[in-house]
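The structure appears right after this line, and notes come after that.
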Amino acid sequence: MKQFFFKIYMIAFMALTVFFIAIIWKVTFAHIIEEHHERTESQEIAKYKEEQVEKSKKTTFEKIILESDERVKHYLGYRILEEARIEGHFHHIGFDIGPDNRSYCVKCHGDMPHDAVKELRAFLNMHAFFVGCQTCHVKLEKTETTGVYKWYDRKTGDIVESPVKDNTPGTYNSKLIPFEKVDGKLVRVDSDERIEFAEEYRAHEKSLTEAQKSRAKKLIHKVVSKKPYLCEDCHQKEKPILPFEAIGYSKERIDSITSTEVVGMIKNYTQFYMPSMLQPGSSNDKK
Amino acid sequence: MKALPRASRLIALFCFSVFLLISFTFTPSYAADVGNCLLCHKYPGISRVDEEGKLRLFYVNESIFSNSVHAKVKCEGCHTDIKKIPHDVAKKVDCLVECHIIEPSSEKKFSHKDVKEFLGKSVHGPIDKEGKEKKYIEDYPTCKDCHDNPLYRPLSFFKKVRPGISEASLGRCRVCHKKEEFIYRFYNHVTTRLHKSRNPLNIAEVCARCHDNPEIVARHEMSTKAVFSYGETFHGKAARFLDERVPDCLDCHISKGESVHQMLPKEDPASSIHADNKGKICTNIDCHPSASPKLAKYSVHAEFNLKQSPAQYFFTVFFIILTGGTLLPLMFIILLDIIRRFFPNATIGRRK
């Protein structure tokens, strides 16, 4: 037994020695080698300065997409405010919400998918932040309609309690998803089967023929209705599509989102822009 | 006019008292949003991707905004083209616009116009002395390259958990000023301006966006990655540990009493880092007043770089080799010793 512990001790000691060797190597000789490489590189940069200027102007995927995820910490002394930094953005964001891991729509369409109508796109993206795509883009048949909507956690995808009462409007870590009736059972519209199908399509996309791709896309989007629900379908007092009370909205919040102020503004927008949004190819559509 | 009956008068008096109580007690915290812009802009998802593929976020975090130096500026004070709701696509904000705040000493509308003039004459101005555009003009900073909305940073912090707002001072304010919201905001604004409005590390990070960018450093033929080399110094290392007392970039590169926008190139005789003025930097009353002016002669932005600082380079290399050359063999011998203890009879090519 004593020998066993001695061996364990020796192994740990050996690991520690190797660890120290690695550290000493890194701060000594590796540092010199690194400096040498950096120097060579900077000399090359200086040499090909003009080329570098041209290179920096190129809008590579890496430069625009991957390098744009910069984070900053503001040291205020009494508080550290950490947030994402968006180039040229003046106002502070002040909080983080993780990506929607459940949605199979955002994997292709991104999480700011609305772009067609310039007067509406920001509003629609604002809703897409806490409303699942299917909530507006899936109109169920009468036999499938349940009127049940629930919140799911963006990270885990699990159904969770309503976040509405405990949070500032719209700053939820959850999204709303409708439920449909399948064989008499309540099933979420973003069911595991649909997610698996979409995932498999994404995995095999490169090896599929154009015809196969078209078929797969058709099947993935089969549940999507041609005309989505519109703003006033929910922002109304009479028969809103969403059961606000059931999904956790207080009376004050319901009054607010169905108030004349909001509904009036929606009317102003929809009167001018909404009809053209629903007619693909019209001139306003390309604004 | 017929006099009101006693009961009605009492009710009227009661209602008026309640009205007064509400008016003075519940002063709205977010008075800047008179246009009710936050009806939509309080939602974090209000965003889009623009035609150049850049993320445009239109969200305003109300609680953070109300703790910023612009808290009192109405939205339309900066976004001047927005006159109605729903509004059209908003134009880019011009920071030089006159906003609705009255500057108390001149009683004129407030504007950042002077900053443009300062910046124009500074090393960061895009136009040279002959009135021509400088080379690589796109590299020169505009307002938002260095500034986001400055947040309140009161003069002291209580155990680093809350702003050190002195109740005693607030009590003195209350003698003359009656609005709580005004007192709180004014106190924060003034005390924020009485010291660095950003931590030295934050200042260094802002400068690093350009001055540590290898492409910009190469294009403008700068001798150093300035913030990297600052990070190698004692001051830079202390700044990394969030020390508030160490000098940041602006403390040395701006002449005392001038705006940060008046930074001049080292060749300019008025520059704080001009050879004739350099001695005053370290010996100024806030830093090392009893030191010799020669203190400033040390190479502040020396890098571990053969071309830029050969003496320091070879000196460092010597100590690196000395350290590595001693410790690495020592560690290797210890390792061999441990292996021998595991395999006491192991041999390579030796006869048994």
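Note that the structure is predicted; figures quoted are calculated from it, not measured. Proteins come first, then strands; the chains are lettered A, B, ... in the order of their sequence lines, and each starts at number 1.
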Sidechain-backbone polar pair: [X] side chain, [Y] backbone, donor-acceptor under 3.5 Å:
X: His91(A); Y: Asn149(B); answer: no
X: Asn202(B); Y: Lys73(A); answer: yes
X: Asp148(B); Y: His92(A); answer: no
X: Arg48(B); Y: Leu124(A); answer: no

How long is the gap from [atom1] on [X] to [atom2] on [Y], to the nearest 0.5 Å?
X: His127(A); Y: Tyr43(B); atom1: NE2; atom2: OH; value: 7.0 Å
X: Phe319(B); Y: Thr28(A); atom1: CZ; atom2: OG1; value: 14.5 Å
X: Tyr9(A); Y: Arg341(B); atom1: OH; atom2: CZ; value: 8.5 Å
X: Asn61(B); Y: Leu81(A); atom1: CG; atom2: CG; value: 8.5 Å
X: Asp50(B); Y: Arg121(A); atom1: CG; atom2: CZ; value: 8.5 Å
X: Phe13(A); Y: Asp337(B); atom1: CZ; atom2: CG; value: 8.5 Å

Do you know which of [options] has the most heavy-atom pairs under 4.5 Å to chain A?
options: Leu328(B), Val317(B), Thr323(B), Leu327(B); answer: Leu328(B)
options: Arg56(B), Lys92(B), Arg209(B); answer: Arg209(B)
options: Thr142(B), Leu151(B), Leu201(B), Val93(B); answer: Leu151(B)
options: Ile339(B), Asn36(B), Ile320(B); answer: Ile320(B)

Report, as yes or no, whether the 6.0 Å neighbourhood of atom [atom1] on [X] holds more than 12 heavy atoms from other residues, nucleotides or ligands.
X: Lys107(A); atom1: NZ; answer: yes
X: Lys26(A); atom1: NZ; answer: no
X: Phe90(A); atom1: CZ; answer: yes
X: Glu82(A); atom1: CD; answer: yes

> Of all of Val18(A), Ile80(A), Ile93(A), which one pairs up most often with chain B through heavy atoms under 4.5 Å apart?
Replying inline: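 Most heavy-atom pairs under 4.5 Å with chain B: Ile93(A).
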>> Just so I understand: if I count every heavy-atom pair under 4.5 Å between each of Asp111(A), Thr171(A), Ile21(A) and chain B, which residue has the most?
In response: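 Maximum pair count with chain B is reached by Ile21(A).
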Which heavy atom in [X] sits nearest to a heavy atom in [Y], and how many Å separate them?
X: Met265(A); Y: Cys40(B); answer: CE-SG, 3.3 Å
X: Ile32(A); Y: Phe304(B); answer: CA-CE2, 4.3 Å
X: Pro44(B); Y: Gly170(A); answer: CG-O, 3.5 Å

Under a 4.5 Å heavy-atom cut-off, does chain A meet the side chain of [X], its backbone, both or neither?
X: Ile64(B); result: side chain
X: Leu55(B); result: both
X: Phe342(B); result: side chain
X: Ile321(B); result: both
X: Arg198(B); result: neither
X: Ile338(B); result: both
X: Val49(B); result: both

> Side chain, backbone, both or neither: which part of His31(A) has a heavy atom under 4.5 Å from chain B?
Replying inline: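 Both the backbone and the side chain of His31(A) come within 4.5 Å of chain B.
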> Checking Ile11(A) against chain B: side chain, backbone, both or neither under 4.5 Å from a heavy atom?
Replying inline: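 Both parts, backbone and side chain.
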